[in-house]
A.B. asks: 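This is the structure, below, for whatever I ask next.
None of these values were measured; they are calculated from a predicted model. The residues of the chain are indexed from 1 along the displayed sequence. The figures here come from the full heavy-atom set of this structure, side chains too, leaving out hydrogens, waters and symmetry mates.
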Amino acid sequence: MQKELETPLKIVLTAEDRQEILFQLNGSPAAQGLYDQLPLSVQIENYGSNEKIFYPPDKLDTIDTPIAEGPPGTLNYYAPWGNIAIFYSDLSDGGSDLYELGEAISGVEHIAGLNGEIQIEKVMDDEPLEPDNSQSKPQQSSPSGNVPSREPSQETQERDEMKLKVQVGGQTFTATLTENAAVDAFVEMMQEAPVVIQMEDYSGFEKVGPLGTSLPTNNSQTTTQAGDIVLYTGNQIVMFYGSNSWSYTRLARIDDRTGWEEALGSGDVTVRLSL
C-alpha cells in the first residue's frame, strides 16, 4: 500500500534562468528515494516531443509506486533507463514501466523551456519559494544568452515530429529519436540517403555494425533495454534485443517492440535506417 505522509514532501527545480518549478511528491517509495538523493545538480535534456528527462545518481525502488497516468506537469520515473521524466504535454501510454512520483503545483509553464543544468532541492515547510514574477517582468535570459524561447521554432517542431524508420527482417519499425549532437549529425546523413548497415550478433543481446563514419559523442553510463538504439565509440551502431550496461550515446528507442527480437534474429542482419 502506498504510504501517506502527514506532510507531503515537496521539491523545487531551478532552471538556469532562475525559473522555479515546485513539485509535490506522492509519498511512494520511489518518490522518497528521489527525495533522499537531494540536493542534485544534473543535466536535463529533451526526449521526444513532450518530455524532459534527467538521471538521478541511484535507481529508485518502484514497489508500491503507482503507474503514471497524470496530466502535463507530472513527475515520473522510467525504470528500464533509470531516468526521471517530466511531461509538458499530455502523457501518451507510458506502459507498465513508467511510475508517477508527483506533480507540479506551480511553474508548469516553465517545463517546456528547461535546458542545460538544473538544481533540485528539498523544500521545507518554513522555507517559502521566491514569488514567480514572470507575469510582471520581461523574460529573463541567462548570462550566456542561450536560454531557448518558450515558443518552439518551426525547426524544433519538425524535428519533434520526425521518426526513425528501421527496416530489418522484412519488417519496418518506428523509433523516437533522442535530442543530442549525434542524432543531429545522423539525421543529416539520412536526409541525404538511407543508411544501410551490416550488423553482427554480439553476446546474445545486441546487434552491432559499423556506420562508416564518426558522429559526435555524448557518452554516459547506460543500462540499455530491448528496443534501444545507441552509438558506441562514435562509429558503431548498436541495437538491443536484450540488456547491457556500458558507456553509450543514446540515439533512439523503438516505439512498439512487438516482433523486434524475432526480426533481428540470432545471426547477422542487414538494417536500413531512414526518416
Side-chain angles (χ1 to χ4, degrees), residues 13 23 28-38 40-63 65-70 74-89 91-102 111 114-118 120 160 163-164 166 173-183 186 203 205-208 217-232 237-258 260-261 264:
L13 185 155
F23 292 91
S28 65
Q32 182 69 54
L34 176 63
Y35 187 82
D36 290 344
Q37 295 182 52
L38 303 183
L40 289 174
S41 177
V42 294
Q43 292 290 320
I44 196 163
E45 58 187 80
N46 289 315
Y47 186 83
S49 60
N50 66 339
E51 65 183 285
K52 302 286 183 172
I53 65 172
F54 67 86
Y55 295 87
D58 300 322
K59 290 191 173 183
L60 308 181
D61 179 3
T62 57
I63 294 176
T65 299
I67 299 299
E69 298 178 347
T74 54
L75 184 72
N76 308 287
Y77 177 64
Y78 185 63
W81 284 15
N83 68 271
I84 302 298
I86 309 173
F87 288 86
Y88 54 88
S89 62
L91 167 62
S92 57
D93 181 14
S96 60
D97 293 322
L98 188 68
Y99 297 88
E100 184 170 325
L101 306 181
I111 296 174
L114 292 174
N115 189 45
E117 186 173 357
I118 60 171
I120 311 168
D160 287 344
K163 289 283 187 177
L164 174 66
V166 182
F173 300 86
T174 61
T176 298
L177 293 163
T178 306
E179 184 168 316
N180 58 40
V183 171
F186 195 35
S203 295
F205 54 76
E206 67 182 43
K207 302 291 184 182
V208 59
T217 59
N218 184 25
N219 293 331
S220 62
Q221 189 67 26
T222 303
T223 299
T224 61
Q225 300 293 326
D228 288 345
I229 302 173
V230 302
L231 180 68
Y232 175 61
I237 299 295
V238 185
M239 298 184 179
F240 287 90
Y241 57 91
S243 179
N244 189 36
S245 183
W246 204 258
S247 183
Y248 301 114
T249 296
R250 296 184 184 276
L251 297 178
R253 182 170 67 191
I254 296 296
D255 296 322
D256 182 353
R257 299 189 300 276
T258 304
W260 174 247
E261 182 173 353
L264 290 177

A.B. asks: Test Trp260 against Phe173 for ring-ring contact (aromatic ring centres under 6.0 Å, His included), laying out the working first.
C.D. replies: CA-CA 8 Å; Trp260 174 247; Phe173 300 86; 5.1 Å; yes
A.B. asks: Hey, are the side chains of Thr174 and Asp256 touching, using non-hydrogen atoms and a 4.5 Å cut-off?
C.D. replies: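 A side-chain contact under 4.5 Å is absent here.
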A.B. asks: What heavy-atom pair brings Pro56 and Gly82 nearest, and what distance separates the two atoms?
C.D. replies: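 So the two residues come closest at CD-O, 3.5 Å.
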A.B. asks: Quick one: closest heavy-atom pair of Thr62 and Ala79, and the distance?
C.D. replies: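 Looks like CG2-CB, 4.4 Å.
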A.B. asks: If the test is ring pair (Phe, Tyr, Trp, His ring centres under 6.0 Å), which one of Trp81, Tyr78, Tyr55 qualifies with Tyr47?
C.D. replies: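 The residue from Trp81, Tyr78, Tyr55 that satisfies ring pair (Phe, Tyr, Trp, His ring centres under 6.0 Å) with Tyr47 turns out to be Trp81.
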A.B. asks: Of all heavy-atom pairs between Arg250 and Asp228, which one has the smallest distance, and what is that distance?
C.D. replies: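 Heavy atoms of Arg250 and Asp228 come nearest at NH1-OD2, 4.2 Å.
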A.B. asks: Please step through side-chain contact (heavy atoms from CB on, under 4.5 Å) for the pair Asp255 and Lys163, ending with a clear verdict.
C.D. replies: CA-CA 10 Å; Asp255 296 322; Lys163 289 283 187 177; 3.1 Å; yes
A.B. asks: Identify the two heavy atoms, one from Leu164 and one from Ala252, that lie closest to each other, and give their separation to 0.1 Å.
C.D. replies: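 Leu164 and Ala252 have their closest heavy atoms at CD2-CB, 4.0 Å.
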A.B. asks: Please determine, by modelled atom types, if Thr65 and Glu100 share a side-chain donor-acceptor pair under 3.5 angstrom.
C.D. replies: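 Short answer, no.
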A.B. asks: Would you name the heavy atoms of Gln37 and Pro57 that are closest together and state the gap between them?
C.D. replies: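 Smallest interatomic distance, heavy atoms only, reads OE1-CD, 3.0 Å.
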A.B. asks: Knowing that exactly one of Thr222, Asn219, Thr217 qualifies, which makes a side-chain hydrogen bond (donor to acceptor under 3.5 Å, both in side chains) with Thr249?
C.D. replies: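 Only one option passes, and that is Asn219.
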A.B. asks: State, to 0.1 Å, how close Leu60 and Tyr77 come at their nearest heavy-atom pair, and which atoms those are.
C.D. replies: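 Heavy-atom minimum between the residues: N-OH, 3.1 Å.
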A.B. asks: Report the distance from atom CZ of Arg253 to atom CG of Leu177, rounding to the nearest 0.5 Å.
C.D. replies: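 Result: 12.0 Å between the selected atoms.
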A.B. asks: Before we go on, tell me: are the rings of Tyr248 and Phe240 under 6.0 Å apart, centre to centre?
C.D. replies: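 Under 6.0 Å, so yes.
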A.B. asks: Taking the side chain as every heavy atom from C-beta outward, state whether Ile84 and Leu101 have any pair of such atoms under 4.5 Å apart.
C.D. replies: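 Yes, their side chains come closer than 4.5 Å.
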A.B. asks: Is there a side-chain contact between Val166 and Met239, using heavy atoms and a 4.5 Å cut-off?
C.D. replies: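 Yes, at least one pair of side-chain atoms sits under 4.5 Å.
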A.B. asks: Any side-chain donor paired with an acceptor under 3.5 Å for Asn180 and Thr178?
C.D. replies: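 On atom types as modelled, these side chains do not qualify, holding no pair under 3.5 Å.
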A.B. asks: Do Thr224 and Asn244 have side-chain atoms, one donor and one acceptor, less than 3.5 Å apart?
C.D. replies: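 No, because no side-chain N or O of Thr224 sits under 3.5 Å from a partner of the opposite role on Asn244.
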